[in-house]
Amino acid sequence: MGEEAKKARIDQTGRAWVVAIVAILASILISVNNNKLPATASLVLPALGIDTTQLSFLMSLNGYVGFVLAFVAAGIIMKFGTKRATVMVLVCALGGAVISAAAPTYDLLMVGRLIEGVGYSCIGTVVPVLFSEWFPPNKRGVPMGIFSVWVPLGSMFIMGTSGFFFNVNDPSSYHMVFWFVVALLVVILVAWIVAAKNPEHSYLAEEADPNAPKPKVSEGFKSLSCWIAMVAFAAFALGTACVMNFETLYMVQTMGMDQAGANATFNLVNVAVVIGGIAIGFVLNKVTGTSARLVILAASSAVLGVCFAMAYTVTPEMMTVWMIVFGLSNGIVPAIFFTMVADIAPRPELASVSSTLMSLGQCVGGILFGVVGAIVASGWGAATGVLAAAGVVLFAGSVALLFVLKKRGGSQA
C-alpha cells in the first residue's frame, strides 16, 4: 500500500466515526418515525374512526414497501453511492412524516405511511454498506453492533417521550407526537447533509479484486449465500416480531399481569438487546475470521431459536432468565449479519445486494407476522409451533451460510 493510501486511512478515522454516529442517529429516528403509530394507537383509533384491523394494516405497510424496493435498492446504492442514497432515505422518511402528521383521514395517513416505509425499509440496506466503506473489517464490529439495535432504541425513545405531547382526553392530540417526529427528522437530515462525506479511502474497494470486471447487481442476486442470509433473516424477523408484539399479551393472559406491569417487565428485553448488540461489536473487532464469526452466529441462533420456542410457554419463575437470554441473543444475531454483509456477498462491491436481501428478509418476516394474530387467537400452543419453526430455519440458515462461505473461500458462491 502506498504512503498516500496509508495516510488517507489514518486521516479518515475520526471522520468515519462522525459519519457513523450521525447515520446511527438517523436510523434510530427512522425507527422513532415508524413506532410513533403504536405509541399513539389508542388515540389514532377514535380520532380517525378506524378499527384494529385497519390499524394493523397501517403498521404492516412497511413490509410491503420493502418487498418491492428490495429489488431496486442495491442498484440505487451502487449508482448514487451511500451518501446520496442516505439523503434519499431521509427525505422519504421526512416527506412521509409530514403527510402523516397533517393527515386528517385514514386514506391520507396510509399515503404518508407508504412514503415513510421507503425510509424504514431502505435504511437497513444503506447503513451496513456505508460502514463497510468507512471501516476496515477488523473495526466494523462496534459501529455495526450499535447500529443493529436501531429498532429497539427508536421504539424505547418514542414510547418514553410521546406522553409529553399528547392528551389522553383529546384523541386528535396524536398529531402533536407526529409533528415532534417531523422536527427530529428535519434536524437529522440537516446534520447528515453537513456531516456526511464520501470516504477518501473505501475499504470495500480495498477488498475488491482490482483485476476483476465491474460487478453487476444481477451477480449478487444470483448468489446462493445472499439468499441463504435472506431466508435466515426472515426467520429471525418473524420470530422477533412474534415475541415483541405478543409477549406482553401472553403475560397478561397467562400470568395475571396488567398491561402496564407487563410492559414495564418486558422492557428488560429491550435493555438486553441493546447490551447484546453493542457487546458483540467489541467481540467482532477481535474475532475477524469469517468462519469464526459464523460459528458464533450459529451458536447464537441456536440459543435464540430455543428462546423463540419457549416464548409462549415460559413460566413466571423462568420469565426473567428467559428475557435476559432472549434479549442478548436477539441483539447478537443481527449484529453479526450486518457486520458480514461484505463477506456474504459474492464480491465486496456487491455488499449492497446482500444488505438489500437481508432487508427483504426482514420485510418478509414482517409480512408473515400478519397471519400470526389469527393463530394466536386459536391458542398459544398453535403459535408456539410458528416460533419453533422460525428458530429452526434461523439456525439451519446460519449453519448453511457457514458451509457455503467456507466452501467458497475466495471464489464466488
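For the pair Arg293 (side chain) and Val287 (backbone), a donor-acceptor distance under 3.5 Å is present. For the pair Trp227 (side chain) and Phe221 (backbone), a donor-acceptor distance under 3.5 Å is present. Side-chain N or O atoms of Arg113 include one that pairs as donor or acceptor with a backbone N or O of Asn34 at under 3.5 Å. Remark: side-chain polar atoms of Thr105 are paired, donor with acceptor, to backbone N or O of Leu108 under 3.5 angstrom. Judged purely by atom type and a 3.5 angstrom limit, Ser355 has no side-chain atom pairing as donor or acceptor with the backbone of Ser352. Arg140 places no side-chain N or O within 3.5 Å of a backbone atom of Trp134 that could act as its donor or acceptor partner. In this structure, the side chain of Tyr250 engages the main chain of Val314 through a donor-acceptor pair within 3.5 Å. With hydrogens and angles ignored, the 3.5 Å screen pairs no side-chain donor or acceptor of Ser31 with any backbone N or O of Ser27. Of the possible polar contacts, one joining the Ser354 side chain to the Val341 backbone as a donor-acceptor pair under 3.5 Å is found. Side-chain N or O atoms of Ser300 include none that pairs as donor or acceptor with a backbone N or O of Leu297 at under 3.5 Å.
Taken to the nearest 0.5 Å, the CG atom of Leu130 stands 12.5 Å off from the OG1 atom of Thr125. Taking CZ of Phe157 as the reference point, atom CG of Leu29 lies at 7.0 Å (rounded to 0.5 Å). Remark: Ile30 CD1 to Leu184 CG distance equals 12.0 Å, nearest 0.5 Å. To the nearest 0.5 angstrom, Leu48 atom CG is 10.0 Å from Asp107 atom CG. How far CG of Leu153 is from CD1 of Ile158: 13.5 Å, rounded to the nearest 0.5 Å. For the atom pair OG (Ser148) and CH2 (Trp150), the distance works out to 11.0 Å, reported to the nearest 0.5 Å.
Put simply, the side chain of Val271 does not reach to within 4.5 Å of the side chain of Asn267, judged on heavy atoms. A heavy-atom distance below 4.5 Å is not found between the side chains of Val89 and Val118. Inter-residue side-chain proximity for Phe236 and Asn330 is flagged as met; some heavy-atom pair is nearer than 4.5 Å. A 4.5 Å side-chain heavy-atom check between Val269 and Met244 finds at least one atom pair inside the cut-off. Inter-residue side-chain proximity for Trp380 and Gln253 is flagged as met; some heavy-atom pair is nearer than 4.5 Å.
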Could you walk me through whether Trp322 and Cys307 pass the side chain to side chain contact (heavy atoms under 4.5 Å, CB included) test, one step at a time?
CA-CA 7 Å; Trp322 174 86; Cys307 289; 3.7 Å; yes
Are Ser132 and Met144 close enough, and set up right, to give a side chain to side chain contact (heavy atoms under 4.5 Å, CB included), and what steps lead you there?
CA-CA 9 Å; Ser132 296; Met144 291 287 194; 3.7 Å; yes
In sequence, state the C-alpha distance, the side-chain angles, and the governing distance for Glu133 and Thr82, and then conclude on side chain to side chain contact (heavy atoms under 4.5 Å, CB included).
CA-CA 9 Å; Glu133 290 178 337; Thr82 51; 2.8 Å; yes
Apply side chain to side chain contact (heavy atoms under 4.5 Å, CB included) to residues Lys197 and Val18 and explain how you reach the verdict.
CA-CA 10 Å; Lys197 296 182 182 297; Val18 171; over 6 Å; no
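Tested against Phe180 for a ring pair (Phe, Tyr, Trp, His ring centres under 6.0 Å), the candidates Tyr174, Phe165, Phe166 yield a single pass: Phe165. Partner Asn285 forms a side chain to side chain contact (heavy atoms under 4.5 Å, CB included) with one of Val142, Ile280, Asn138, Thr339 and no other, that one being Val142.
Among pairs with a residue in residues 333-359, those fulfilling ring-ring contact (aromatic ring centres under 6.0 Å, His included) read Phe147-Phe338, Phe233-Phe337, Phe233-Phe338, at least two apart in sequence or across chains.
Considering every non-hydrogen atom in both Glu116 and Ser100, the closest pair reads OE2-OG, 2.6 Å. The minimum heavy-atom distance between Cys226 and Leu357, with the atom names listed, is CB-CD1, 3.5 Å. Ala237 approaches Gly361 most closely through the heavy-atom pair CB-O, 4.2 Å. Residues Tyr312 and Cys242 come closest through the heavy atom pair OH-O, 2.8 Å. Across all their heavy atoms, Ala311 and Glu247 have their closest contact at O-OE2, 2.8 Å. Residues Ser225 and Arg408 approach most closely at OG-NH1, 3.2 Å, considering heavy atoms.
Residue Met88 qualifies as enclosed at atom CE: its count of foreign heavy atoms under 6.0 Å is above 12.
Ring geometry for Phe326 versus Phe308: interplanar angle of 30 to 60°, hence tilted. Taking the six-membered ring where tryptophan is involved, the planes of Phe135 and Trp17 are perpendicular, since the angle between them exceeds 60° and thus also 30°.
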Can you give the donor-acceptor pairs under 3.5 Å from side chains of residues 385-403 to other protein atoms, not counting sequence neighbours?
residue : atom : partner : partner atom : Å
Ser398  : OG   : Ser301  : OG           : 2.9
Ser398  : OG   : Leu394  : O            : 2.9

